[in-house]
J.: 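One structure, pasted below without further comment.
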2 protein chains.
Amino acid sequence: MDERRTDTREQIRTIALELFAEHGYDKTSLREIAERLGVTKAAVYYHFRTKEEILVSLIEDFLREVDDIVGWAASQPAGPATRNGVLLRYSDLLEGRTTQLTRFLQEGQASIRDLAAGAEMRKRIESLVGILSVADGAEEARLRARVALITLHIGSIAGPDSEATDRQRRDAALRIAQELVGR
Amino acid sequence: MDERRTDTREQIRTIALELFAEHGYDKTSLREIAERLGVTKAAVYYHFRTKEEILVSLIEDFLREVDDIVGWAASQPAGPATRNGVLLRYSDLLEGRTTQLTRFLQEGQASIRDLAAGAEMRKRIESLVGILSVADGAEEARLRARVALITLHIGSIAGPDSEATDRQRRDAALRIAQELVGR
DNA sequence: GTCTATAAGGTGATAGAC
DNA sequence: GTCTATCACCTTATAGAC
């Protein structure tokens with residue numbers, strides 16, 4: 001019954017994600033996180049042993065959801081319908097709460113590159129790329145798959161052109177991604 | 001005749017670019033740059049007043065070359081041929097020496113975002129997006145243009161699939177980009 | 001479970017000698 | 001033109017009181 005340890009831990013995660021998405025991981029300090037939450041740095045260290053551990057806990061949520069998608073795809077016959085299903089599911093994943101994380105993952109790759117969690121992320125992306133590639137081993141097919149995923153990322157992040165709604169941007173990105181992996 | 005002030009300044013730029021591309025801007029310290037060059041930090045500060053100034057001088061080279069492309073496009077009639085010309089020129093720009101900068105710009109967006117040079121970069125990208133958009137004002141067209149540029153970036157950075165040559169990757173990226181902005 | 005106090009070290013940057 | 005020495009500050013992280 002040690003469920004729900006207080007929600008301080010969850011609040012730290014929420015604030016950290018906000019700040020990571022806003023200024024990047026490197027430029028966000030523990031002092032900033034603690035201050036924004038109204039506690040001391042030591043309080044943060046009670047819940048997470050290192051700064052990196054906060055990031056890892058955030059990324060792990062994302063990895064689990066990607067694993068679900070990869071797992072689903074493995075249970076389906078390879079083909080256009082499955083590829084399309086993967087794109088749809090991945091697009092849904094990037095919506096809502098995950099959008100901040102998406103922005104952070106897309107813009108802050110340099111911060112994550114050398115971390116263990118970064119290697120794990122790359123593995124998952126490679127799994128998706130493998131599934132989304134029309135022709136196995138063909139270089140262009142893999143590049144297309146990679147670009148399709150990035151398109152969904154870009155589509156989920158608000159751009160400088162504020163005219164379109166989130167939904168319009170997301171749908172446009174999905175159409176482009178579908179086209180890229182060959183409908 | 002104060003041409004060629006010693007090439008120390010140029011060496012600092014070269015090493016800094018290497019390190020920025022490798023570890024990111026934030027994680028690269030002046031100490032690291034100075035040590036790699038075999039001089040002291042103070043020596044670096046003689047040539048650049050701040051760390052940011054090193055980065056800015058690197059980015060400015062890139063901006064100038066993008067400006068050339070934008071200028072060329074302005075002198076051409078709008079249409080598929082001009083769009084294709086822009087893609088070709090931009091792809092060439094990303095080749096060779098600029099590849100390190102490309103990687104840095106693509107992966108280290110978070111570091112640059114809040115800098116004045118970052119705002120300048122975004123302006124230039126927006127110019128290119130405007131030129132590459134088939135239909136003015138259409139959201140999907142702009143997204144397509146944006147993705148086309150990113151595709152060229154990705155194509156110029158070596159991926160985890162080492163089988164293909166640089167040229168093959170670059171050409172594949174160019175084909176995809178051309179398709180995205182409607183040939 | 002959260003605090004104060006502090007450690008240990010790295011950072012960007014400057015002043016002034018050589 | 002490059003050095004040594006140093007500053008002021010911020011960082012992540014820990015020990016131990018409350």
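Worth knowing before you read on, the calculation uses all heavy atoms, side chains too, and leaves out hydrogens, waters and symmetry mates. Below, chain A is the first sequence line, B the second, and so on; all start at residue 1.
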J.: Just N and O in the side chain of B:Ser29: are any of them under 4.0 Å from OP1 or OP2 of C:dT11?
T.: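 Yes.
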J.: Using OP1 and OP2 only, check whether a side-chain N or O of B:Thr8 sits under 4.0 Å from D:dT2.
T.: yes
J.: Side chain to side chain contact (heavy atoms under 4.5 Å, CB included) with A:His153: which of A:Leu105, A:Leu94, A:Thr99?
T.: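 Exactly one pass, corresponding to A:Leu94.
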J.: For B:Glu52 and C:dA13, what is the distance between atoms CD and C1' respectively, to the nearest whole Å?
T.: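 Rounded to whole Å, this separation is 14 Å.
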J.: Are the charged groups of A:Glu126 and A:Arg122 less than 4.0 angstrom apart, N to O?
T.: no
J.: B:His47 side chain: which of C:dT14, D:dT2, D:dT12 is closest?
T.: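 So the side chain of B:His47 is nearest to D:dT2.
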J.: Would you tell me if any nitrogen or oxygen in the side chain of A:Thr40 comes within less than 4.0 Å of OP1 or OP2 on C:dT2?
T.: no
J.: OP1 or OP2 of D:dA13 versus the side-chain N and O atoms of A:Tyr45: is any pair under 4.0 Å?
T.: yes
J.: Send over the distance from B:His23 NE2 to C:dT11 P, rounded to a whole Å.
T.: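 It works out to 12 Å between those atoms.
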J.: Provide, to the nearest angstrom, the distance between the CG atom belonging to A:Leu37 and the P atom belonging to C:dT2.
T.: 9 Å
J.: Quickly work out the B:Ile12 CD1 to D:dG1 C1' distance and round it to whole Å.
T.: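 Rounding to the nearest Å, CD1 of B:Ile12 and C1' of D:dG1 are 11 Å apart.
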J.: Can you measure A:Lys27 atom NZ to D:dC9 atom P for me and round it to whole angstrom units?
T.: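 Atom NZ in A:Lys27 sits about 21 Å away from atom P in D:dC9.
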J.: Given C:dC3, C:dA13, D:dC3, which nucleotide is nearest the side-chain atoms of A:Ala43?
T.: C:dC3
J.: Tell me, with the steps shown, if B:Lys123 and B:Glu120 meet side-chain contact (heavy atoms from CB on, under 4.5 Å).
T.: CA-CA 5 Å; B:Lys123 262 192 228 167; B:Glu120 220 55 42; 3.5 Å; yes
J.: Does B:Arg31 make a side-chain N or O approach to OP1 or OP2 of C:dT11 shorter than 4.0 Å?
T.: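 Yes, B:Arg31 has a side-chain N/O under 4.0 Å of OP1/OP2 on C:dT11.
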J.: Using 30° and 60° as the class boundaries, would you call the ring planes of A:Phe104 and A:Tyr25 parallel, tilted or perpendicular?
T.: tilted
J.: Under 4.0 Å between a Lys/Arg side-chain N and an Asp/Glu carboxylate O for B:Lys41 and B:Glu32?
T.: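 No.
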J.: Using the closest heavy atom to pick a nucleotide of DNA chain D for each, name whichever of A:Thr50 or B:Val39 lands nearer the 5' end.
T.: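 Checking each residue's closest nucleotide, the 5'-ward one belongs to B:Val39.
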J.: OP1, OP2 of C:dG1 versus side-chain N and O of A:Tyr46: anything below 4.0 Å?
T.: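 Looking at the OP1 and OP2 atoms of C:dG1, one of them is under 4.0 Å from a side-chain N or O of A:Tyr46.
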J.: Nearest whole angstrom, please: distance from the C1' of C:dG12 to the CG of B:Leu55.
T.: 15 Å
J.: Take the protein atom CZ of A:Phe48 and the nucleotide atom P of C:dG1, then report the distance between them rounded to whole Å.
T.: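 A:Phe48 atom CZ is separated from C:dG1 atom P by 14 Å.
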J.: Just the rounded figure in Å: distance from P of C:dG10 to NZ of B:Lys51.
T.: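 For the pair B:Lys51 NZ and C:dG10 P, the rounded distance is 15 Å.
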